[in-house]
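In what follows, a single structure is set out as C-alpha cells and then discussed.
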Amino acid sequence: MLFGSCGVLDDEKVRKRIIVPVAAVRDEGTSYHYAVPSEEIETDPEQVRILKNVLERCGYPYVEGKTWTSDGIYRETLPAIKERREAGCLAVEMECASMIAAARYRKIPFIQFLYGADNLSSDTWEIRDLAQYGLNEAEKYMALAFECGLEMMKHAQIKSQDRGGM
C-alpha cells in the first residue's frame, strides 16, 4: 500500500478527489529492471477494485486514470505536460510505475492512491502548499491506507482459503 502527493495535470478532473492509478506511463528507469519495456504499465485490476471499494465504503470521491511516472526532478516541461495530458494522464509522480513493476515481479499485491498538490494543468506552474492542498489531510490518508491494507489482507486470506490454504 502506497499513497502520496502528485503534480496535477488535469485540475478539473482531479480537484478534491483521490486519484486511483489504473496505469502509469513509464518515464523513469527502475521499472525497466523488473518488467519488459513498454510505454505504460497497468495496475492489477483486482487491486484497483479493492481500492475503489474501500474509497466508496469510506465516502471518498475518486477519479480513475493514468499517471505519469518520472524520476527526473523538474522535468515537467510544457511540451511534455501537453503530451502526457493528451495520453490521458491525470497526474505526475515519481514511483507508481516502478512500484507496479517491482510488485508484479515479486508477485505481491500492490495498491497506490494519490492526492493532488502542485497544479501543472495551466501554462504556468501553480505551486500549492501541501498543507493547503493535501498534507493537512495526512491523518485521513493514513487511515485510508490502513483500511486498504486491511482489505488487501482480507482478500488475500479469502483467496488462500479458496485454493485450500490455511
Side-chain angles (χ1 to χ4, degrees), residues 1-11 13-15 17-55 60 62-121 125 127-128 130 133-135 137-138 141-142 144-156 159-160:
M1 178 68 241
L2 182 65
F3 69 96
S5 67
C6 61
V8 173
L9 301 181
D10 190 333
D11 196 47
K13 288 182 182 175
V14 170
R15 185 176 291 278
R17 292 181 180 91
I18 299 287
I19 301 166
V20 176
V22 295
V25 172
R26 297 168 73 185
D27 194 15
E28 41 62 66
T30 303
S31 68
Y32 292 93
H33 294 281
Y34 296 96
V36 175
S38 62
E39 174 88 15
E40 298 179 7
I41 189 166
E42 293 183 2
T43 54
D44 179 344
E46 190 174 324
Q47 300 305 313
V48 170
R49 185 180 52 75
I50 290 169
L51 174 57
K52 289 170 31 180
N53 287 343
V54 170
L55 290 168
Y60 290 103
Y62 66 88
V63 60
E64 294 178 66
K66 284 193 255 183
T67 186
W68 165 27
T69 304
S70 172
D71 57 6
I73 298 172
Y74 303 120
R75 296 302 304 151
E76 299 92 352
T77 63
L78 289 176
I81 290 169
K82 182 178 185 283
E83 179 183 342
R84 298 304 182 210
R85 199 177 305 138
E86 288 172 357
C89 293
L90 300 175
V92 58
E93 42 62 44
M94 298 183 78
E95 65 282 316
C96 190
S98 49
M99 292 299 296
I100 293 168
R104 186 178 297 165
Y105 180 81
R106 296 287 180 199
K107 296 178 176 38
I108 58 173
F110 171 72
I111 294 177
Q112 180 171 13
F113 67 84
L114 302 164
Y115 54 92
D118 292 357
N119 180 18
L120 306 171
S121 66
W125 176 20
I127 299 171
R128 291 180 175 160
L130 286 178
Y133 193 76
L135 200 54
E137 306 284 342
Y141 299 136
M142 183 62 75
L144 183 56
F146 282 124
E147 287 291 326
C148 288
L150 290 170
E151 193 67 28
M152 290 170 73
M153 287 174 48
K154 186 181 344 175
H155 186 74
K159 281 179 75 171
S160 176

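Throughout, numbering of the chain's residues begins at 1 and tracks the sequence.
- Put simply, the residue from T69, T67, V25 that forms a side chain to side chain contact (heavy atoms under 4.5 Å, CB included) with E40 is V25.
- For the atom pair Y62 OH and I19 CD1, the distance stands at 14.0 Å (nearest 0.5 Å).
- Shortest non-hydrogen contact noted between R26 and S38 is NH1-OG, 2.9 Å.
- Between R84 and V92, the closest side-chain pair of non-hydrogen atoms is not below 4.5 Å.
- Side chain of R85 to main chain of L9: a donor-acceptor pair is present (N/O by atom type, distance under 3.5 Å, no hydrogens or angles).
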Given the rule in the side chain to side chain contact (heavy atoms under 4.5 Å, CB included) test, do E151 and N53 qualify, once you have shown the distances and angles that lead to the verdict? CA-CA 9 Å; E151 193 67 28; N53 287 343; 5.8 Å; no

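- Between Y141 and F113, the angle of the ring planes lies from 30° to 60°, which puts this pair in the tilted group.
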Start with the C-alpha distance between L55 and L144, add both sets of side-chain angles, then the distance that settles side chain to side chain contact (heavy atoms under 4.5 Å, CB included), and finish with yes or no. CA-CA 8 Å; L55 290 168; L144 183 56; 3.4 Å; yes

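- Across L120 and G7, no two heavy atoms sit closer than the pair CD1-CA, 4.3 Å.
- Atom CD of E83 sits about 9.0 Å away from atom OG1 of T77, to the nearest 0.5 Å.
- Counting all heavy atoms, side chain and backbone alike, P21 lies closest to L114 at CG-CD1, 3.9 Å.
- The backbone N or O of P109 sits nowhere less than 3.5 Å from a side-chain atom of D44 that would complete a donor-acceptor pair.
- No donor-acceptor pair closer than 3.5 Å links the side chain of Y105 to the backbone N or O of I100.
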Might you work through the side chain to side chain contact (heavy atoms under 4.5 Å, CB included) test for L2 and F110, ending with a clear yes or no? CA-CA 8 Å; L2 182 65; F110 171 72; 3.8 Å; yes

Steps toward side chain to side chain contact (heavy atoms under 4.5 Å, CB included) verdict (W68, I81): CA-CA 9 Å; W68 165 27; I81 290 169; 4.2 Å; yes

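- Side chain of S31 to main chain of A101: no donor-acceptor pair is present (N/O by atom type, distance under 3.5 Å, no hydrogens or angles).
- Within 6.0 Å of OH on Y32 lie more than 12 heavy atoms contributed by other residues, nucleotides or ligands.
- Minimum interatomic distance between L51 and C148 (heavy atoms only, all atoms of both residues): CD1-SG, 3.4 Å.
- The shortest distance between side-chain heavy atoms of M94 and E28 does not fall below 4.5 Å.
- Between F3 and M142, some side-chain heavy-atom pair lies under the 4.5 Å cut-off.
- Summarising the geometry, atom CE belonging to M99 is positioned 7.0 Å from atom CD1 belonging to I108; distances are rounded to the nearest 0.5 Å.
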Show the numbers, then the answer: is there a side chain to side chain donor-acceptor pair (under 3.5 Å) between Q112 and E93? CA-CA 11 Å; Q112 180 171 13; E93 42 62 44; 4.9 Å; no

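- The number of heavy atoms from other shown groups lying within 6.0 Å of CD (E46) is above 12.
- Judged by distance alone, with hydrogens and angles left aside, the side-chain atoms of R104 form a donor-acceptor pair with the main-chain N or O of E42 at under 3.5 Å.
- Of the possible donor and acceptor atoms, one in the side chain of K66 sits under 3.5 Å from a partner among the backbone N and O of A87.
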